[in-house]
**Student:** 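Okay, handing you the structure first.
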Amino acid sequence: LVSTAIAREAVDARDWMRPLSPEEMLRAVAEVLRGSAAAPTLLEAVGRPLWIDWVADTGDDRDVSAAVGRMVFAEYVVDEPGAGEQALPRGDVLLFGGDTAYPVATADEIFRRLLEPWNELLEPTYDPEAPPRALLAIPGNHDWYDGLDGFGRLFRRTAGDALRGHGDAAAPRKKDPGSRAVGLVARGLHLDELGGTISTIAGVAKTTRALWRGTDARRRRRLTLLGYEPVQEASFWALPLAPGLDLWGVDRQLGRLDYRQRSYFASRRRAAPDERVWLASPDPAIAFGEPWDVGERILTASGLDLARDRVLYQCGDMHHYERRVVGESMHVIAGGGGAFLHGTRIVADPSPAAAAYPTARISRRLALEVPLRLVLGRAGYIVHLVAAAVGALELAAGGHGLLRFGLTAAVASAGWIWVLYAIAGHHRAHPRRVLALTLPFGLALGLLPAGLAYLEVRYGAHVYAAARGPLMVLVHAYASALLYGLFLALCALAGLEMQQVFTVLGHPGFKSFVRMRVSPSGVIDAWVIGKDDPLAPAGPWLVDRWTWDRPRAGPAP
């Protein structure tokens, strides 16, 4: 919360940025890929089809992160209808779609959760004399919680040629993979999240101590992914990709695109008004089948419209894969790069997605598992502890008379209703339906201690007197967790809110990335490669295959 307040209001890292012009970006990427710096587009600079790998929402669980890296760095062969076998080589460009590490993308967390496992995979075949691949990225909200410090240390280009391909990437730590059972236990107990929290607190303490003493807190100078060269100077950029096709990367910080970006992209649009735009965004414009306000503001600020213009809108933030066709535009969510799963839309969709991973059936089954998993503590015990504290206060008030008990229960019910409505209605969609579901569950949670007190009076004679209070608080904690889990599951099954229910579930599966081939004519072919269980030996599989075609001939209608 403090990080959010600072990043939103006080410190804007974009103040120091000098974004490269589209022409400078083109020269920088062409130089890394050993192309012609004088060409008007990148495809003309390299003189061949260009392969780009897209991955977003990376760097969460270390084992899952390593499994995703293994998929990204592999080469594949697929059977193309009418064309036979098609080789899919590793991308010339690796494009990160935001949220580089969780929970906060500090330099240490990026190194520990992303670079260390990925560099372990790359190290055996890494040749420092070989031509590097290009590295591009846009920041998400988790990158901004660190004020883009970790993001800049990985994705901002180096100050001089001498550092290229090297930097501050320490030798990967060798790790005994151990058994999968150990990893499952660690995930079940949330040891990784606990360790991340402790590391974050320790970092704050170290910085505070250095500030008090008037010294500098030591940080990693550079972060390096072996074999990849960063090329950007700012968190946003535009790259002339092919004749008639631009690639834009935007940064909405924790709110909106700032005036620098609006001016930057408006200038590029005036210079190339008829170009198709492949827009790399940190947030979707359509999520779970409905308009998403954050992405809609990004489109408006960029001067683009899915229905009017020809836009390939590609994003992460939602931790799943989904593709939708909107006129001549395409909207692709590809956020399966390692973070816990967000299921796809469960209820019937008036305009169904062209592809979704996982499917609605699988998402529905997973949502139904949430109440039991929450009660058993598989999502941690925060809900239990909060419910226990509220229940203890209400029961304590009950010892001072019915009036005080009633007033406390009313206040607690109002608080629960407000919290549940804030959770289910945070995007202000379907307010009446959200309120209709929130009211009964809020009242049930607020009046639960009164119900337990009644049962204790009626049937508690056989319970040892000193144990009645703690037992009631314990029962209240678990019953409240069950009610909260049922509320979240119903929100998902009714199509009201899909993020929180799967956040509670913390499911590590259904990971994917997108491998794209851009042809000299500007046609983009894409193969979505995914794995249901990233830690299982089977897979990966081809999840989806699509093509975004060349520009239309003639003037726009």
Side-chain angles (χ1 to χ4, degrees), residues 14 19-23 25-26 41-42 52 54 56 95 97-98 136-140 232 234-253 255-287 289-318 322-335 351 353-354 514 516 518 522-524 526 546-552 554-557:
R14 294 173 296 194
L20 300 179
S21 69
E23 294 75 19
M25 275 292 294
L26 170 60
T41 67
L42 185 57
I52 299 177
W54 164 283
L95 174 53
L136 284 172
I138 55 171
Q232 64 199 74
S235 59
F236 57 96
W237 38 266
L239 175 64
L241 193 57
L245 176 63
D246 269 5
L247 172 58
W248 293 3
V250 299
D251 170 17
R252 62 108 174 165
Q253 200 211 32
R256 304 170 183 268
L257 269 67
D258 60 342
Y259 70 91
R260 305 168 189 80
Q261 290 183 81
R262 294 196 297 271
S263 174
Y264 179 82
F265 291 117
S267 175
R268 177 58 185 170
R269 198 62 174 160
R270 287 192 299 269
D274 297 324
E275 305 285 83
R276 292 183 304 155
V277 176
W278 173 3
L279 184 68
S281 169
D283 299 272
I286 305 170
E290 299 184 347
W292 205 249
D293 53 348
V294 180
E296 288 187 318
R297 291 199 299 267
I298 289 174
L299 279 169
T300 300
S302 303
L304 300 172
D305 184 276
L306 292 179
R308 181 193 67 223
D309 301 309
R310 292 161 291 168
V311 181
L312 171 56
Y313 190 103
Q314 192 160 353
C315 64
D317 195 54
M318 301 301 168
E322 181 189 89
R323 175 170 61 90
R324 294 177 180 271
V325 178
V326 184
E328 292 186 276
S329 297
M330 187 176 291
H331 186 279
V332 176
I333 299 175
S351 55
V514 188
M516 288 164 285
V518 186
V523 174
I524 299 179
W546 51 267
T547 297
W548 195 48
D549 214 339
R550 59 178 61 84
R552 58 176 173 245

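Numbers here are sequence positions counted from 1.
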**Student:** Who pairs with Trp54 by side-chain hydrogen bond (donor to acceptor under 3.5 Å, both in side chains), at least two apart in sequence or on another chain?
**Tutor:**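 Listed in chain order: nothing, the list is empty.
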**Student:** Could you tell me the separation between the CH2 atom of Trp237 and the OH atom of Tyr264, rounded to the nearest 0.5 Å?
**Tutor:**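 Trp237 atom CH2 to Tyr264 atom OH measures 9.0 Å (nearest 0.5 Å).
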**Student:** Leu26 vs Leu239, test: side chain to side chain contact (heavy atoms under 4.5 Å, CB included). Steps then yes/no.
**Tutor:** CA-CA 6 Å; Leu26 170 60; Leu239 175 64; 4.2 Å; yes
**Student:** Side chains of Val326 and Ile286: does their closest heavy-atom pair fall under 4.5 Å?
**Tutor:**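 Heavy-atom side-chain distance check passes, below 4.5 Å.
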**Student:** Do Met516 and Leu95 make a side-chain contact, defined as non-hydrogen atoms from C-beta onward lying under 4.5 Å apart?
**Tutor:**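 They are not in contact (no side-chain heavy atoms under 4.5 Å apart), so the answer is no.
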**Student:** Indicate whether the side chain of Tyr313 and that of Ser281 have a donor and an acceptor atom separated by less than 3.5 Å.
**Tutor:**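 A donor-acceptor contact under 3.5 Å links the two side chains.
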**Student:** Does any N or O in the side chain of Trp548 come within less than 3.5 Å of the main-chain N or O of Ser329, such that one atom is a donor and the other an acceptor?
**Tutor:**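 Not a single qualifying donor-acceptor pair exists.
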**Student:** Between Gly249 and Phe265, what is the shortest heavy-atom contact and its length?
**Tutor:**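 Between these two residues, the closest heavy atoms are O-CZ, 3.4 Å.
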**Student:** Can you give me the closest heavy-atom contact between Leu245 and Gly522, atom names plus distance?
**Tutor:**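 Closest pair (atom of Leu245, atom of Gly522, distance): CD2-O, 3.7 Å.
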**Student:** If you look at every heavy atom in Trp278 and Leu241, which pair is closest and at what distance?
**Tutor:**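 That closest heavy-atom pairing would be CE3-CD2, 3.6 Å.
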**Student:** Taking all non-hydrogen atoms of both residues into account, name the closest pair between Pro282 and Gly140 and its distance.
**Tutor:**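 Minimum heavy-atom separation between Pro282 and Gly140: CB-CA, 4.2 Å.
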**Student:** State whether the side chain of Ser267 and the backbone N or O of Ser263 hold a donor-acceptor pair below 3.5 Å, judged by distance alone.
**Tutor:**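 No.
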**Student:** Which residue is it: Leu312, Leu299, Val325? I am looking for the one with a side-chain contact (heavy atoms from CB on, under 4.5 Å) to Leu306.
**Tutor:**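 Of all the options given, the one that passes is Leu299.
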**Student:** So, His331 side chain and Pro284 main chain: donor-acceptor pair closer than 3.5 Å or not?
**Tutor:**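 Answer holds: no.
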**Student:** Any side-chain to backbone donor/acceptor pair from Arg324 onto Ser351? Under 3.5 Å, distance only.
**Tutor:**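 Yes.
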**Student:** List the atom of Ala287, the atom of Ile333, and the distance in Å for their closest heavy-atom pair.
**Tutor:**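 That would be CA-CD1, 4.5 Å.
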**Student:** Does Leu304 reach the side chain of Arg269, with side-chain heavy atoms less than 4.5 Å apart?
**Tutor:**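 Yes, at least one pair of side-chain atoms sits under 4.5 Å.
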**Student:** Determine whether Ser302 and Val250 make a side-chain contact, defined as any pair of heavy atoms from C-beta on separated by less than 4.5 Å.
**Tutor:**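 In short, these two side chains touch, coming nearer than 4.5 Å.
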**Student:** Would a distance-only check, ignoring hydrogens and angles, find a side-chain to backbone donor-acceptor pair under 3.5 Å from Gln261 to Asp251?
**Tutor:**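 Between the backbone of Asp251 and the side chain of Gln261 there is a qualifying donor-acceptor contact (under 3.5 Å).
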**Student:** Output the distance between atom CG (Asp549) and atom CD1 (Ile524), rounded to the nearest 0.5 Å.
**Tutor:**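 Spacing of CG (Asp549) from CD1 (Ile524) equals 10.5 Å.
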**Student:** Run the side-chain hydrogen bond (donor to acceptor under 3.5 Å, both in side chains) test against Gln232 and tell me which residues pass, sequence neighbours left out.
**Tutor:**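 Gln232 satisfies side-chain hydrogen bond (donor to acceptor under 3.5 Å, both in side chains) with no residue once adjacent residues are dropped.
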**Student:** Please report the closest heavy-atom contact between Ala353 and Glu322, naming both atoms and the distance.
**Tutor:**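 So the minimum-distance heavy-atom pair works out to CB-CG, 3.8 Å.
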**Student:** What residues form a side-chain contact (heavy atoms from CB on, under 4.5 Å) with Ala272, not counting sequence neighbours?
**Tutor:**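 Listed in chain order: Arg268, Glu275.
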**Student:** So how far is it from Asp309 CG to Leu279 CG, rounded to the nearest 0.5 Å?
**Tutor:**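 Reported to 0.5 Å precision, the distance equals 11.0 Å.
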**Student:** I'd like to know if the side chain of Arg323 and the backbone of Met330 have a donor-acceptor N/O pair within less than 3.5 Å.
**Tutor:**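 No, because the side chain of Arg323 does not come within donor-acceptor range (under 3.5 Å) of the backbone of Met330.
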**Student:** Any sub-3.5 Å donor-acceptor pair from Arg310's side-chain atoms to Asp274's backbone N or O?
**Tutor:**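 It does hold such a pair.
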**Student:** Regarding Arg252 and Asp317, does a basic nitrogen lie under 4.0 Å from an acidic carboxylate oxygen?
**Tutor:**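 Asp317 and Arg252: not salt-bridged.
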